[in-house]
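All values derive from a computational prediction rather than experimental measurement. Residue numbers begin at 1 in each chain, while the letters A, B, ... track the order of the sequences.
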Number of protein chains: 2
Amino acid sequence: MTMDYDDRYFHGKPQNSFHKAMNIPDVVVFPRSQEEVSKIVKSCNEHKVPIVPYGGATSIEGHTLSPNGGICIDMTQMKNIKSLNLEDMDVVVEPGIGWMELNEHLEPYGLFFPLDPGPGATIGGMCATRCSGSLAVRYGTMRDNVINLKVVLANGDIVKTGSRARKSAAGYDLTRLMIGSEGTLGVITEVTLRLQKIPQYSVVAMCNFPTIKDAADVAIATMMSGIQVSRVELMDEVQVRAINLANGKNLPEVPTLMFEFIGTEAYAREQTLIVQKIASEHNGSDFVFAEDSEAKKELWKIRKEALWACFAMKPNFEAMITDVCVPLSRLAELISTSKQELDSSSLVCTVIAHAGDGNFHTVILFEPDQEEQRKEGERLNHFMVHTALAMEGTCTGEHGVGTGKMKYLEKELGIENLMAMKRIKDALDPNGIMNPGKLIPPHVCL
Amino acid sequence: MTMDYDDRYFHGKPQNSFHKAMNIPDVVVFPRSQEEVSKIVKSCNEHKVPIVPYGGATSIEGHTLSPNGGICIDMTQMKNIKSLNLEDMDVVVEPGIGWMELNEHLEPYGLFFPLDPGPGATIGGMCATRCSGSLAVRYGTMRDNVINLKVVLANGDIVKTGSRARKSAAGYDLTRLMIGSEGTLGVITEVTLRLQKIPQYSVVAMCNFPTIKDAADVAIATMMSGIQVSRVELMDEVQVRAINLANGKNLPEVPTLMFEFIGTEAYAREQTLIVQKIASEHNGSDFVFAEDSEAKKELWKIRKEALWACFAMKPNFEAMITDVCVPLSRLAELISTSKQELDSSSLVCTVIAHAGDGNFHTVILFEPDQEEQRKEGERLNHFMVHTALAMEGTCTGEHGVGTGKMKYLEKELGIENLMAMKRIKDALDPNGIMNPGKLIPPHVCL
């Protein structure tokens with residue numbers, strides 16, 4: 001436990017300057033067991049003290065802010081692997097373990113956990129925000145890859161949300177209710193994850209297109225062909241330019257798709273050839289693919305370092321990362337419409353999409369001390385959210401609500417939905433101590 | 001609307017005589033729109049009249065019983081396909097449509113909905129019971145294949161649970177909360193389903209084993225190999241005997257695995273050969289496979305008609321179908337332990353397992369007018385549930401809780417979990433009108 005100002009400031013500060021910290025926690029605690037978490041929460045509940053669960057703090061919608069002060073529960077001391085069940089292909093972990101750390105542990109067994117958010121994200125935080133990433137097109141999101149949780153509720157109860165069976169029809173799906181609840185219903189203290197076999201073989205491919213629409217159409221056609229890509233990532237010409245600048249590359253600065261195909265050697269190659277054909281039918285050019293491990297790494301590096309490439313292009317700028325998701329058929333139109341707005345803005349904006357899921361990010365670069373730029377970034381973000389909502393999409397594909405997206409929920413889901421959420425929130429957290437000020441918009445009252 | 005006794009009796013009768021009907025509904029209504037459902041439910045809520053949503057009524061744990069009388073809402077008139085979005089690979093349907101009817105509609109488009117419960121099941125009922133079936137090993141359960149729902153809550157509110165995007169992190173996962181809630185939280189009035197491409201090619205294979213353990217080990221080894229079977233079904237020697245008797249077949253009466261492999265022609269064949277090798281390493285024999293459409297149909301017919309084969313073996317008997325699910329590594333032991341008990345029973349019992357998910361059914365045949373036989377069936381069912389629970393499994397893999405499995409939930413999930421469920425139930429249905437007497441055990445009080 002600490003009351004040191006620097007520690008409290010560190011835990012209260014926003015990840016991005018477009019979410020302002022109006023306060024910092026009064027105390028930061030570092031529990032080492034679920035029993036300790038239970039005692040802390042129970043005591044906070046009795047004294048109506050707000051709590052904010054805290055993991056890798058890589059989320060970017062203000063989830064870990066402490067607008068009402070209170071107690072920040074830093075879960076990163078709880079990072080044990082409790083049991084690895086090879087034949088069940090599952091693992092039981094404490095929430096503070098990072099996904100990269102977990103995968104290092106799993107690699108010798110030929111297994112991995114197939115979600116790849118930003119480095120530093122912890123499994124608990126990934127559950128809390130219903131995270132996904134580039135592999136979600138193949139393996140699903142956090143929703144699909146958690147077998148059960150242990151969660152401490154506001155009253156201190158330690159709830160096991162399900163058995164360790166891979167599927168069950170035994171009662172309400174409290175596992176899924178907790179996933180994506182962003183610490184507003186409970187503190188996650190244990191997670192059982194479903195694991196996957198590390199693919200025997202993989203191929204990485206890249207292809208250029210004259211327009212974003214052509215690239216998006218290839219992503220749709222690939223999904224409709226029944227091919228199970230493991231990744232299909234779209235970058236616009238601005239993003240490719242950033243990569244060229246940052247890495248001294250000379251890639252054609254045009255809309256670009258990157259693919260990963262997995263399976264047996266023969267199958268990964270077969271998929272590659274099928275998609276090459278699809279690409280060529282939609283004005284794709286320069287289709288290249290790599291099978292050699294170093295060449296694949298080199299190729300994926302391009303995509304992986306996209307964000308850093310943006311910063312290299314504009315040092316001392318900050319990034320506002322947007323995150324909308326629409327039904328697949330609308331992605332091309334969404335990106336095209338958005339790009340008109342982005343290209344005519346004074347800010348530099350790049351586009352990266354998890355195209356197989358209809359999930360689309362932009363990186364909007366702005367100078368943090370320039371209020372006008374921040375406002376312009378927010379205008380662009382609003383524009384894209386409203387465009388996505390008009391297409392039956394969502395204001396957040398994978399980053400969560402936090403404080404940043406609350407204002408869009410009513411338009412997306414309707415007030416009846418928000419009232420139902422609020423009823424559930426009040427039922428499980430009658431004193432409103434669990435991560436207050438996040439997820440449920442403040443205007444929703446029963 | 002009807003108050004006719006025969007109609008009410010029909011809607012109140014149990015699917016199986018091991019769940020007794022103590023009452024029948026007072027009225028049966030047949031709404032034709034979600035607005036009508038909303039009006040009915042709102043009015044019932046005002047007058048505290050119980051309601052029981054009713055679909056195909058194929059569920060077997062007493063979900064559609066009316067222990068408190070009240071209003072049975074038969075949803076089968078609401079069976080429209082509201083929109084089929086080919087490029088999004090999704091479809092919006094009313095809940096009363098059957099899954100087989102839906103698939104007939106989708107076939108010309110090369111798409112299908114990949115869950116295959118008993119014939120007659122409706123999409124709404126499949127959502128309500130979190131159903132799965134033999135293809136769940138490849139495509140997941142109802143949990144994984146629903147994009148959003150519209151649900152009428154007890155207060156008459158029509159709630160849209162999510163957008164039409166394939167993934168979203170926008171708030172509590174009300175979609176998943178409703179799936180598996182068995183009509184106790186709301187009446188499902190619209191369902192958006194994720195669709196799959198009909199596989200280009202498939203191979204069906206069958207293999208015999210000296211012991212159940214060998215067969216189960218092959219299922220585990222197949223899953224661990226990273227191969228994505230679309231089906232892996234296990235039958236014991238008694239089930240094969242039933243099939244021989246019913247169909248005049250001459251299959252070896254030993255534990256048998258049936259597989260389906262899908263993908264491109266080359267990949268389906270490659271998977272077949274890999275699994276053939278795995279089977280041969282675990283004492284498998286007589287590995288046969290079919291690629292020709294008629295031959296495949298003939299082979300799957302064996303598995304599909306397993307239940308009817310049981311009835312053919314014992315005409316005028318009823319079937320108590322059990323449904324437990326355990327972590328994959330425990331399946332062999334669970335089945336072996338169970339079979340000792342089943343084989344020494346006076347009743348005829350067959351074993352069928354969705355082996356890739358650790359989900360295991362038995363068909364226990366009994367004469368409905370012989371109380372002793374019914375009790376013996378229940379004893380066997382109890383035995384298997386408790387054995388599964390001791391293995392960190394679940395009392396129901398896919399059939400749901402209904403009235404039949406309530407008594408096991410506390411042992412499986414703990415009282416803290418049930419208290420949380422009860423809090424949610426009371427928050428959304430304060431008058432307790434929604435399918436009362438199901439899912440939440442009566443002893444759970446706040």
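- Contacts between B/His399 and chain A at a heavy-atom distance below 4.5 Å involve the backbone alone (N, CA, C, O).
- Residue contact with chain A, scored on non-hydrogen atoms closer than 4.5 Å, involves the side chain of B/Asn359 exclusively.
- Here B/Lys160 pairs with nothing under the salt bridge (Lys or Arg N to Asp or Glu O under 4.0 Å) rule; sequence neighbours left out.
- Contact annotation for A/Ile262: neither backbone nor side-chain heavy atoms come within less than 4.5 Å of a heavy atom of chain B.
- Among residues 142-152 of chain A, the residues having any heavy atom closer than 4.5 Å to a heavy atom of chain B are, in sequence order, A/Arg143, A/Asp144.
- Interface remark: A/Leu389 contributes no atoms to any contact with chain B (heavy atom separation under 4.5 Å).
- When heavy atoms are compared at a cutoff of 4.5 Å, A/Leu413 approaches chain B by way of both its backbone and its side chain.
- Remark: A/Asp357 engages B/Lys167 in a salt bridge, criterion side-chain N to carboxylate O under 4.0 Å.
- The structure places OH of A/Tyr267 at 8.0 Å from CD of B/Gln228, a figure rounded to the nearest 0.5 Å.
- Under the rule for a side chain to side chain contact (heavy atoms under 4.5 Å, CB included), the partners of B/Ser163 that lie at least two apart in sequence or sit in another chain are A/Thr394, A/Glu412, B/Ala165.
- If you measure heavy-atom distances from A/Met223 to chain B, the contacts under 4.5 Å come from both the backbone and the side chain.
- Of all heavy-atom pairs between B/Ala170 and A/Val401, the closest is CA-CG2, 3.8 Å.
- Listed by chain and residue number, A/Tyr201, A/Glu265, A/Glu291 satisfy the side chain to side chain contact (heavy atoms under 4.5 Å, CB included) test with A/Arg269 (two or more places apart in sequence, or in another chain).
- Using a distance-only test at 3.5 Å, with no hydrogens or angles considered, no donor-acceptor pair links the side chain of A/Arg166 to the main chain of B/Leu328.
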